[in-house]
Amino acid sequence: MNQLLRFTTAGSVDDGKSTLIGRLLYDSKSIFEDQLEAVQASSTKKGFDYIDLSMLTDGLKSEREQGITIDVAYRYFNTPKRKFIIADTPGHIQYTRNMVTGASTANLAIILIDARKGLVEQTYRHSFIASLLKIPHIIVCINKMDLVDYDQKVFEKIEEQYKAFSSKLEVHDIQFVPISALNGDNVVNRSKKMTWYGGATLLHILENVHIESDHNHIDARFPVQYVIRPQTKENPDFRGYAGRVGGGIFRAGDEVVILPSGFSSRIKEIRLGEEVVKEAFAPMSVTMTLEDEFDISRGDIIAKPGNQPEPKQDLEMMVCWMSQKPLNVSSKYVVKHTTKEVKGICKAIQYKLDISTLQRVPDASELQMNEIGKVQLRVSQPLFPDIYRRNRITGSVILVEEGTNETVGAGMIV
Amino acid sequence: MSSYYLSHLKELEAEAIYVIREVVAQFENPALLFSGGKDSIVLAYLSRKAFYPARIPFPLVHIDTGHNFPETMEYRDWLIQELGVRLIVGSVQESIDKGMAVEETGINASRNALQTVTLLDTIEKNKFDAAMGGARRDEEKARAKERFFSHRDEFGQWDPKNQRPELWNLFNGKKNMGEHFRVFPISNWTEMDVWQYIQMENIAIPKLYYAHDREVIERNGTLLSTSPYLKLKPEEKPAVKRVRFRTCGDMPITGAVESHADTIDKVISEVAASRKTERGTRADDKRGETAMEDRKKSGYF
């Protein structure tokens, strides 16, 4: 069975991120002739000696003009083992929000380091974001090895420096690969220039990394998304609860509790379309019917009596700020948590993080765009969240500014 | 012991159904843009699954250029019956007659770009606040930058450099009066995923997608079906060939490929072996490097 792996790529300007993706697509034969012809023509027009693979990913006019990636671009490729979704995110500081966006759904992050430059501020920032967003796996690609004569010492020094820094991160699976995206060394095919490297190629790791445990299959959570009531002649009384499982496993006959009401019942049936489903787990979308009739609506959470999330009106969370207008104490927002929407007010900013050193900066009065800090938020009605570290689906919120309707903050509950 | 992970197709299905349900929950008056092509067929099929045993709680909207394949129209009418859903037709001919759109002239004239006028007009007239479409990010480089919930200003325009960040599966569909959203539930699907899903779920699709005999001409390396809408150059000589279509747009701009794939299994092997993208057969995308981005910014699908 072919699995889906979502990964994100991060690097600074000119780390060769787009070239790496172009290389992965090209060497895994996921690029089509007409795409390649178009890129070839553009490369020739610009007077390049080689095909600029980055043009395969930089799709917008202004990106091509400036030769940089502006927005998250999604790319797809298949191998016989897996289907891959790449969120190709820009590395510029001002576009951190796009990186957080790409990272939020990823199983894995590829961090690119230029072998000539070693660890730079962006490396710390990206790694920290990957850790903060709980991406379970990181691959550090030390790129442009061709420009340092494929020198083992350069690779080992960077690996050592990264390991020293990453001991402060909460990522448990980190692997290092020396590559040249431009020439294809160790991307899909093993490098003949780096015989000293005994590890796997990048693609081999992508195909084999263990992702079965990336979802929470322990704490049963089913946020009700929509109530299905056909009200037709054939189904006058049908009442089904549609949603996507946020965690744990649900089976017909299971005793469940509905939050916030606290009513309990049993699952009568789980189905999707006409098909009856034996068990439902994250990230499945299903429709549940219960033995008893209650007033259940969007935003309610179905859980198990022995494992219920606690109601919370005061939330502590790490917030990544994404708006030009800073986050201030006393500012009000709409808070979206699973399928529930409430009002929220910022009660305190406990500290700001210096992302390069992971030092806490106390007494922060505001969070500016691309800053990350620990925030206390009071919400208008109790939510039933999990901590983000335990569950990325039920532990995350977004903050929306009223008036502009912009998504201004991403919050991870601690 | 059961294994608790999904195949890539089941995971993509779960994601799409979640997005479709989110649209119905967050918007007052959504619609599904239905072209009769395989992607919008899959979208209609997923919508049925999402709300079963209730009927699909939104209408299907067809922007009719008047240049459709007859097979597409036949299929559309059959599907509407099958789903028991309301159909709303926006007519490009009507937009032209009313003077809202001006027909292109010349040998390569197409009504493709005119659809935008009719589409925006239909959205406004019916007060749709969300229009779902079957666009996929793998189709074209500008589409690769598209969000699931894609905001459109009061002029229906897309601002690719200033899109809302989209985190986890928390979709922000908030908007001001007059604005609307385009929503793309199968954003993460590739052409191959769509075909494999059609095979897995045994979904009926128009006969055009399977190999059949058809009178065609060759223009700019593309095989085009003869039709009343296609003006022929004097040197173009129609010939009957065994072909099928990889996409189903308007007759004058949708290229056919020579093929003997007359079953879904054969189509899938052919798609797997193909070295050209499906839009490589679309004359509308060959009008310049950023043809799609330019059309999308002004409100195209």
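These numbers come from a predicted model, not from an experiment. Naming: A, B, ... by sequence-line order, numbering from 1 per chain.
For the pair Arg244(A)/Glu15(B), a side-chain contact is recorded, criterion being any heavy-atom separation below 4.5 Å from C-beta on. Side-chain contact between Thr190(B) and Phe77(A): absent, with no pair of heavy atoms (C-beta onward) separated by less than 4.5 Å. In this structure, the side chains of Arg137(B) and Ile85(A) stay at 4.5 Å or more apart for every pair of heavy atoms.
Ring geometry for Tyr4(B) versus His217(A): interplanar angle of 30 to 60°, hence tilted.
The part of Leu133(A) that comes within reach of chain B is its side chain, from C-beta onward, which places non-hydrogen atoms under 4.5 angstrom from that chain. Heavy-atom distances place both the backbone and the side chain of Arg21(B) under 4.5 Å from chain A. Interface residue Gln163(B): backbone and side-chain heavy atoms are both found under 4.5 Å from chain A. At a 4.5 Å heavy-atom cutoff, Val227(A) makes no contact with chain B through either its backbone or its side chain. If you measure heavy-atom distances from Met322(A) to chain B, the contacts under 4.5 Å come from the side chain alone. Looking at Thr407(A), the atoms closer than 4.5 Å to chain B (heavy atoms on both sides) sit in the backbone and in the side chain alike. Neither the backbone nor the side chain of Leu5(A) comes within less than 4.5 Å of any heavy atom in chain B. Contacts of Ala16(B) with chain A are absent, with no heavy-atom separation under 4.5 Å from either backbone or side chain. Proximity to chain B is limited to the side chain of Phe281(A), based on heavy atoms less than 4.5 angstrom apart.
Checked options Arg6(A), Arg82(A), Lys83(A); the residue passing with Glu11(B) is Arg6(A) (criterion: salt bridge (Lys or Arg N to Asp or Glu O under 4.0 Å)).
Annotation: residues 165-175 of chain B contacts chain A through Pro165(B), Glu166(B), Leu167(B), Trp168(B), Asn169(B), Leu170(B), Phe171(B), Asn172(B), Lys174(B), Lys175(B) [non-hydrogen atoms, separation under 4.5 Å]. Using a 4.5 Å cut-off between non-hydrogen atoms, no part of residues 196-203 of chain B approaches chain A.
Chosen from Met284(A), Glu274(A), Arg229(A), the residue pairing most often with chain B at heavy-atom distances under 4.5 Å is Glu274(A). Ranking Pro57(B), Ala14(B), Ala54(B) against chain A, the residue ahead of the rest is Ala14(B), based on heavy-atom pairs under 4.5 Å. Ranked by heavy-atom pairs under 4.5 Å with chain B, the list Gln231(A), Glu275(A), Lys336(A) is led by Lys336(A). Per-residue counts of heavy-atom pairs under 4.5 Å with chain B were compared for Thr105(A), Ile228(A), Val334(A), Thr338(A); the largest is that of Ile228(A). In terms of heavy-atom pairs under 4.5 Å with chain B, the best-connected choice from Thr287(A), Asn78(A), Ile393(A), Ile211(A) is Thr287(A). Note on Thr404(A), Thr339(A), Thr232(A), Val397(A): by heavy-atom pairs under 4.5 Å with chain B, the leading option is Val397(A).
The structure places CG of Leu4(A) at 14.0 Å from NZ of Lys10(B), a figure rounded to the nearest 0.5 Å. In this structure, Glu139(B) CD and Tyr76(A) OH are separated by 11.0 Å, a value rounded to the nearest 0.5 Å.
Between the side chain of Gln225(A) and the backbone N or O of Ala25(B) there is no donor-acceptor pair closer than 3.5 Å. Checked by atom type and distance alone, the side chain of Arg164(B) pairs as donor or acceptor with a backbone atom of Asn405(A) at under 3.5 Å.
Between Leu6(B) and Pro283(A), the closest heavy-atom pair is CD1-CD, 3.7 Å.
The number of heavy atoms from other shown groups lying within 6.0 Å of CZ (Arg55(B)) does not exceed 12. With a 6.0 Å radius and a threshold of 12 heavy atoms from other residues, nucleotides or ligands, Glu212(A) has its CD atom above the threshold.
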